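First up is the structure itself, then whatever we jot down about it.
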Amino acid sequence: MHILLIIFGAILSYFFWIQYIYYRQNSAKSRKQLLRFMLCRDKQIKSSQTSDLTGDVRALFLTAHPDDECMFFAPAILRLVELNASVHLLCLSQGNYYNQGFQRREELLDSCAVLGIPASQVTIHDCKELPDNPNVEWSISMASSLILKHIRAHSINLVLTFDGRGVSGHSNHTAIYKAVSYLASIGNIPDDCSLLSLSTIGVLRKYLSFLELPISWLLPSDLCCVIGSKGYVQAKRAMLCHRTQLLWFRYLYIWFSRYMIINTFQVIDQGPKNLKIY
């Protein structure tokens with residue numbers, strides 16, 4: 001009996017901890033810290049100035065395929081939209097692996113509308129050098145050129161994309177990280193632009209849903225975005241827009257993936273690196 005009480009107390013305490021972390025992450029203080037990072041990571045600003053910065057955030061999410069935006073980046077997109085940031089999306093393929101490119105393009109626009117990204121700020125590329133195919137190695141030169149052109153054209157000051165493991169290990173995801181890292185290494189990224197990569201985590205943590213939150217909160221990251229039940233419902237609605245992709249395992253992903261609720265990012269250093277360019 002005592003053991004059961006201890007177990008019950010531990011579970012209850014864990015849930016209270018999750019609730020406390022969520023409150024901390026969504027407090028006014030947390031929102032101000034998020035704004036400070038996005039715009040003035042390397043500068044000193046006054047607290048009184050923070051409330052005036054929301055309209056100055058021009059964020060660009062770089063994805064490889066339609067559905068990446070809601071499967072992996074929904075928490076960050078929703079938090080930035082909530083902060084009145086100008087959110088843009090650049091998708092480097094139209095997802096034509098099964099010859100469904102036209103349908104997937106429309107699904108992406110519908111998904112972005114649910115997430116709060118206007119169609120005028122969604123760009124979908126379709127070129128033979130960057131096909132939706134995990135067995136084809138993307139041209140880093142082509143990808144980096146498209147990304148840099150977009151950053152300059154829209155005066156982007158915050159770029160968010162995959163890390164070197166691409167969350168799912170998809171080669172198209174990791175190619176985007178290589179392209180952004182290349183641009184950072186040669187100094188082509190504008191001085192006022194910060195680069196962030198979405199942290200890839202292990203399979204067990206990945207499918208703990210909201211129960212994973214304390215782990216993400218304790219481990220070091222440069223930016224953490226968390227959404228509650230209302231945001232989760234919105235992210236789920238966005239995912240359901242991708243009707244061509246709704247196989248049985250996608251429903252399991254919607255229910256259990258931590259990426260539907262939590263995003264953690266690391267800064268991509270803009271120092272010199274030796275990268276092989278193809």
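All residue numbers refer to positions in the sequence shown, counting from 1. The model shown is predicted, which means the values in this text are computed figures rather than measured ones.
Taking CG of Leu115 as the reference point, atom CG of Leu80 lies at 11.5 Å (rounded to 0.5 Å). Note that CG of Leu89 is 4.5 Å distant from OG1 of Thr63, once rounded to the nearest 0.5 Å. Atom CG in Asp163 sits 11.0 Å away from atom NE2 in His173 (nearest 0.5 Å). His170 NE2 to Asp68 CG: the interatomic distance, rounded to the nearest 0.5 Å, is 8.0 Å. Here the CD1 atom belonging to Ile189 is positioned 4.0 Å from the CD1 atom belonging to Ile151, to the nearest 0.5 angstrom. Distance check, rounded to the nearest 0.5 Å: CG of Leu219 to OG1 of Thr264 gives 8.5 Å.
Between the side chain of Arg58 and the backbone N or O of Asn157, no donor-acceptor pair lies under 3.5 Å. Side chain of Tyr253 to main chain of Met71: a donor-acceptor pair is present (N/O by atom type, distance under 3.5 Å, no hydrogens or angles). Remark: the backbone N or O of Glu129 is not paired with any side-chain donor or acceptor of Trp138 at under 3.5 angstrom. No side-chain donor-acceptor contact under 3.5 Å links Ser181 to the backbone of Lys178. In this structure a side-chain-to-backbone donor-acceptor pair under 3.5 Å is present from Asp222 to Val267. Within the 3.5 Å criterion, the main-chain N or O of Pro66 finds no donor-acceptor partner in the side chain of Gln245. In this structure, the side chain of Thr161 engages the main chain of Leu62 through a donor-acceptor pair within 3.5 Å. No side-chain donor-acceptor contact under 3.5 Å links Asp67 to the backbone of Leu108. Judged by distance alone, with hydrogens and angles left aside, the side-chain atoms of Ser111 form no donor-acceptor pair with the main-chain N or O of Cys241 at under 3.5 Å.
With a 4.5 Å cut-off on side-chain heavy atoms, Leu198 and Val167 count as touching.
In this structure, Ile268 and Tyr177 approach most closely via the heavy-atom pair CD1-CE1, 4.0 Å. Minimum heavy-atom separation, Ser209 to Ile262: O-CD1, 4.1 Å. Here the shortest heavy-atom pairing between Gln270 and Ser194 reads NE2-CA, 4.4 Å. The shortest heavy-atom contact between Ser221 and Gln266 is CA-NE2, 3.4 Å. For the residue pair Thr174 and Gly164, the shortest heavy atom distance occurs at CG2-O, 3.2 Å. Across every non-hydrogen atom of Tyr259 and Thr200, the tightest pair is OH-CA, 3.4 Å.
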Give the C-alpha distance, both sets of side-chain angles, the deciding distance and a yes or no for side-chain contact (heavy atoms from CB on, under 4.5 Å) between Ile156 and His88. CA-CA 9 Å; Ile156 299 298; His88 298 249; 3.9 Å; yes

List the steps, then state whether side-chain contact (heavy atoms from CB on, under 4.5 Å) holds for Ile77 with Ile117. CA-CA 8 Å; Ile77 291 174; Ile117 307 176; 3.9 Å; yes

Could you go through Lys206 and Arg258, starting from their C-alpha distance and side-chain angles, then the distance that decides it, and tell me whether this counts as side-chain contact (heavy atoms from CB on, under 4.5 Å)? CA-CA 5 Å; Lys206 184 176 181 179; Arg258 161 263 200 198; 5.6 Å; no

What verdict does the side-chain contact (heavy atoms from CB on, under 4.5 Å) test give for Tyr251 and Leu240, after you've listed the backbone C-alpha separation in whole Å, the side-chain angles of each residue and the deciding distance to 0.1 Å? CA-CA 9 Å; Tyr251 288 101; Leu240 293 177; 4.1 Å; yes

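At a threshold of 4.5 Å between side-chain heavy atoms, the hydrophobic network of Ile, Leu, Val, Met, Phe, Trp and Tyr places Leu213 and Leu204 in two separate groups. A continuous path of Ile, Leu, Val, Met, Phe, Trp and Tyr side chains, each step under 4.5 Å between heavy atoms, connects Phe256 with Ile254, placing both in one hydrophobic cluster. Hydrophobic cluster membership differs between Tyr98 and Leu247, with clusters built from Ile, Leu, Val, Met, Phe, Trp and Tyr side chains linked at under 4.5 angstrom. One hydrophobic cluster, built from ILVMFWY side chains closer than 4.5 Å, cannot hold both Val233 and Phe210; they sit in different ones. Side-chain heavy atoms closer than 4.5 Å link hydrophobic residues (I, L, V, M, F, W, Y) into clusters, and following such links, even through other members, never connects Val114 to Val87.
In the model, Glu137 has no side-chain atom that pairs as donor or acceptor with a side-chain atom of Ser171 under 3.5 Å. Residues Thr244 and His242 bring no donor and acceptor atom of their side chains to less than 3.5 Å of each other. Residues Arg165 and Ser199 bring no donor and acceptor atom of their side chains to less than 3.5 Å of each other. Between the side chains of Ser93 and Arg104, no donor N or O sits under 3.5 Å from an acceptor N or O.
We find that Asp126 and Arg105 are not joined by a salt bridge, their nearest charged nitrogen and carboxylate oxygen being 4.0 Å or further apart.
Counting heavy atoms of neighbouring residues, nucleotides and ligands inside a 6.0 Å radius, atom NZ of Lys236 does not exceed 12 of them.
Residues Phe61 and Phe73 place their aromatic rings such that the two centres sit under 6.0 Å apart. Close placement of the Phe162 and Phe72 rings is indicated, their centers lying within 6.0 Å of each other.
Among residue pairs with one or both ends in residues 142-154, none qualify as side chain to side chain donor-acceptor pair (under 3.5 Å); sequence neighbours excluded.
For the side chain to side chain contact (heavy atoms under 4.5 Å, CB included) test, residues two or more places apart in sequence or in another chain that qualify with His125 are Leu90, Leu92, Thr123, Leu146.
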